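Values below: every heavy atom of this structure, side chains too, minus hydrogens, waters and symmetry copies. Every value quoted in this text rests on a predicted model; they were computed, and no experiment measured them.
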Amino acid sequence: MTVGLLAGGRATRLGGLDKAWLLRDGMVQVERLHDGFAPRATRVLVSANRDLQRYAGIGIDAIPDRHPGTGPLSGLDALAAAVTTPWLFTLPVDALRVDASVLARLIDAAGDTGARAENDDGLQPLVALWLVDALRVAAANALTSDDFSVRGLQRALGMRTVRFAQVRFGNLNTPGDLVRAGVTHD
């Protein structure tokens, strides 16, 4: 299995701060996720559109979107094109509280269609386990038809939904989120 970290956003929600390089307990967020999932994966990749040399400098493989401007779907497409394993586990780079237990539950539920997470805040479509061959085809079709909805893509694939009650994955979208999570930037 490959782990794909989605870090291709434009950093508009946080006034230009790139979520991948935020610091928590003295560790860069992208390194924290990379190191946490590397033992469970054949490879960890980052979908990013900036700082590719910076990722390389810390030993993390990063790939740019092939279709910029199409949101997370572009990151999923780029990851699916680069992956050589049958399964791809994705998560946004600002997922502070996603760990191996989340992955294990998605693996248990995936069957032959894949699985996505849902918590008390609703569907978390980027925390998902994808069957790569199906993702490649579905992403290409979605991009061709200008339908950039990740949720729609998952519905088309028949992905199962796994409920994580009382689990907050920790997405960072506002300066207040940073303060509450104890996250800083360099």
Side-chain angles (χ1 to χ4, degrees), residues 1-22 28-38 41-96 98 103 106 114-117 123-157 159 169-173 177 185-186:
M1 172 188 1
T2 301
V3 172
L5 306 176
L6 294 155
R10 296 174 297 190
T12 55
R13 290 185 186 144
L14 291 174
L17 294 177
D18 189 331
K19 295 176 182 182
W21 304 106
L22 295 173
V28 174
Q29 180 62 15
V30 71
E31 286 182 297
R32 176 184 297 282
L33 290 172
H34 178 277
D35 294 354
F37 285 98
T42 302
R43 183 177 184 197
V44 178
L45 279 174
V46 176
S47 166
N49 293 309
R50 299 178 287 164
D51 298 325
L52 297 179
Q53 295 298 343
R54 189 174 181 188
Y55 287 106
I58 60 171
I60 295 178
D61 294 328
I63 56 171
D65 291 350
R66 300 182 321 159
H67 303 278
T70 59
L73 180 62
S74 186
L76 293 170
D77 169 72
L79 289 168
V83 170
T84 59
T85 58
W87 291 96
L88 170 66
F89 173 59
T90 60
L91 61 155
V93 76
D94 63 337
L96 299 177
V98 176
L103 174 57
L106 291 175
R116 59 190 179 171
L123 191 62
Q124 302 296 314
L126 300 181
V127 180
L129 183 63
W130 306 82
L131 188 58
V132 174
D133 288 341
L135 174 58
R136 280 189 192 119
V137 172
N141 291 339
L143 288 163
T144 300
S145 65
D146 291 334
D147 180 4
F148 309 137
S149 167
V150 174
R151 292 173 189 218
L153 182 73
Q154 290 174 331
R155 277 191 302 276
L157 291 170
M159 293 176 77
F169 293 138
N171 297 8
L172 303 171
N173 293 313
D177 292 342
H185 56 86
D186 56 2

Side-chain heavy atoms of [X] within contact of [Y], under 4.5 Å:
X	Y	result
I58	V28	no
L22	D94	no
S74	H67	yes
F89	T2	no
P86	D133	no
V44	D35	no
M1	L129	yes
V83	W130	no

Separation of [Y] [atom2] from [X] [atom1] (nearest 0.5 Å):
X	Y	atom1	atom2	answer
D147	L153	CG	CG	8.0 Å
T42	L88	OG1	CG	11.5 Å
W87	L106	CH2	CG	10.5 Å
Q124	R151	CD	CZ	7.5 Å
R50	Y55	CZ	OH	8.0 Å
D51	I60	CG	CD1	12.0 Å

Donor-acceptor contact below 3.5 Å, side chain Q154 vs main chain R116
no
Report yes or no: does Q29 contribute a side-chain atom to a donor-acceptor pair with the main-chain N or O of V93 at less than 3.5 Å?
yes
Nearest heavy-atom neighbours spanning [X] and [Y]:
X	Y	answer
A80	V132	O-CG1, 3.9 Å
A78	P64	CB-O, 3.5 Å
L45	A82	CD1-CB, 3.8 Å
L123	A117	CD1-O, 3.4 Å
F148	L73	CA-CD2, 3.7 Å
P72	L126	CB-CD2, 3.8 Å

Could you go through the side chain to side chain contact (heavy atoms under 4.5 Å, CB included) check for L91 and V3 one step at a time?
CA-CA 8 Å; L91 61 155; V3 172; 4.0 Å; yes
As a test of understanding, state which of L5, D65, L6 forms a side chain to side chain contact (heavy atoms under 4.5 Å, CB included) with L79.
L6
Distance-only criterion, 3.5 Å: show the donor-acceptor pairs between side-chain atoms of residues 137-145 and protein atoms not counting sequence neighbours.
residue: N141; atom: ND2; partner: V137; partner atom: O; Å: 3.4
residue: T144; atom: OG1; partner: A140; partner atom: O; Å: 2.8
residue: S145; atom: OG; partner: N141; partner atom: O; Å: 3.1
residue: S145; atom: OG; partner: A142; partner atom: O; Å: 3.2

